[in-house]
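Shown next, in structure tokens, is the structure this report addresses.
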Amino acid sequence: MIAAMDIPVTKASKSKLTDMDMNNLPFGKFFTDHMLVAEYENGTWKQPVIKPYGPIQLDPANAALHYGQSIFEGIKAYRNEAGEAFIFRPFDNYKRFNISAKRMSMPEVPEDIFIEGMRQLIDLEKNWIPAKKDHSLYIRPFMFAADDTIGVKPADKYLFMIILSPTGPYYAAPMRIYVEDIYTRAAPGGIGFAKAAGNYASSLLAASEAKAKGFDQVLWTDAFEHKYVQEVGTMNVFFQLGNKIVTPRLDGAILAGVTRNSVITVLQELGYEVEERDIKIDELMEAYKAGELKEAFGTGTAATISMIKELHYKGYSMTFDTATWKTSPAISARMNEIREGKTEDVHGWMFRV
Ligand code: COI
């Protein structure tokens, strides 16, 4: 079923690629020539199409605008030294997308539309995959309610789309992080594990207030006591305590990051013991004071591996000299080798386009 689908393509009259400065690619600013669109109505997905990238028309009563039935994914495509295009773990993001869909009362997207649609779109746009180190083609699949009525109920109509953006690293330098102990991102039983648009909307105020104090992002803590660390605004988070690596367990309130999962695997291959468990901010403070908190870093598709040079909690700053670190650079190097096809892909993470 999956490869048999031949998606109709309407080509853009002129490519924007010739006018692009591929050496200056801030995250999420530039988009390729084409996008994929699939409509869902009356319980059925219609034939997806690939067409020129451009605005879409929405009714002012569009249900997603009013009630937020909207989910997305972030995936990256790379080119190896031979110029072949690969997508990093798209099936894992596909699974998570449908987990998000279920939680948000939205229909599941079939594999042939999500994966084969993505493959055919990337195949058409593969010249947009940047060749530069630490750069990639960011893939943004998303789905939103398309009903034109404002009754509060799961919509009957949806749009699934994929857009592509050539990009460099999301965070170019080690980060200053503010440990948030007033606002809450998510609680068990809520939508924290879903990649739902609303999770990001609710994070913006805390992030803006942290930025006004000179920080790059917040580290969320649990909803009940604000004592246990959860995730950073755009990334999962890891800490090195002595020789052991700890990361918050997937408790339903944090995102099950595909990069998080890859990093745990790579760390274990590099010989580290990794614990997924509840982590108190007080434990990190004590470890820091005892000289045992060696490294702190975030992981995400957009963020890749981002070192944290400062963790600020209740007026106390834990600061780090990231230039001396060994663990996070070793993971970045290993992940890059896999993505660039410089080492054997033993886990089958790279999906050939
Ligand atoms: C990603 O890492 O792909 C994300 O979705 C995080 C953020 C850019 C929203």
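We count ligands from 1, going down the list as the structure has it; atoms in each ligand are counted the same way. Please read all numbers here as calculations on a predicted model, not as lab measurements.
- Remark: the E295 side chain and the S328 side chain contain an N/O donor-acceptor pair separated by less than 3.5 Å.
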Step by step, would you call T301 with Y170 a side chain to side chain donor-acceptor pair (under 3.5 Å)? CA-CA 9 Å; T301 298; Y170 195 88; over 6 Å; no
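- Listed by number with element, the atoms of ligand 1 under 4.0 angstrom from any heavy atom of G74 are 3 (O).
- The residue from F144, Y200, F142, F97 that alone fulfils the ring pair (Phe, Tyr, Trp, His ring centres under 6.0 Å) condition with F72 is Y200.
- Not close to ligand 1: M235, with no non-hydrogen atom less than 4.0 angstrom away.
- At a heavy-atom distance under 4.0 Å, no atom of K76 approaches ligand 1.
- Of the protein's non-hydrogen atoms, the one nearest atom 9 (C) of ligand 1 is Y200 CE2, 3.6 Å.
- With ligand atoms numbered from 1 in the order given, ligand 1 contributes 1 (C), 2 (O), 3 (O), 8 (C) to contacts under 4.0 Å with heavy atoms of A302.
- Closest protein heavy atom to atom 3 (O) of ligand 1: Y138 OH, 2.5 Å.
- In summary, the side chains of Y272 and Q240 do not present any donor paired with an acceptor at a separation below 3.5 Å, with no hydrogens or angles considered.
- Looking from atom 7 (C) of ligand 1 to the surrounding protein, the closest heavy atom is T234 CG2, 4.0 Å.
- With rounding to the nearest 0.5 angstrom, the CG atom of L58 is 8.5 Å from the CG atom of D148.
- When hydrogens are left out, the protein atom nearest atom 5 (O) of ligand 1 is K195 NZ, 2.8 Å; that is the closest non-hydrogen contact.
- Here the shortest heavy-atom pairing between E310 and H312 reads OE2-ND1, 3.9 Å.
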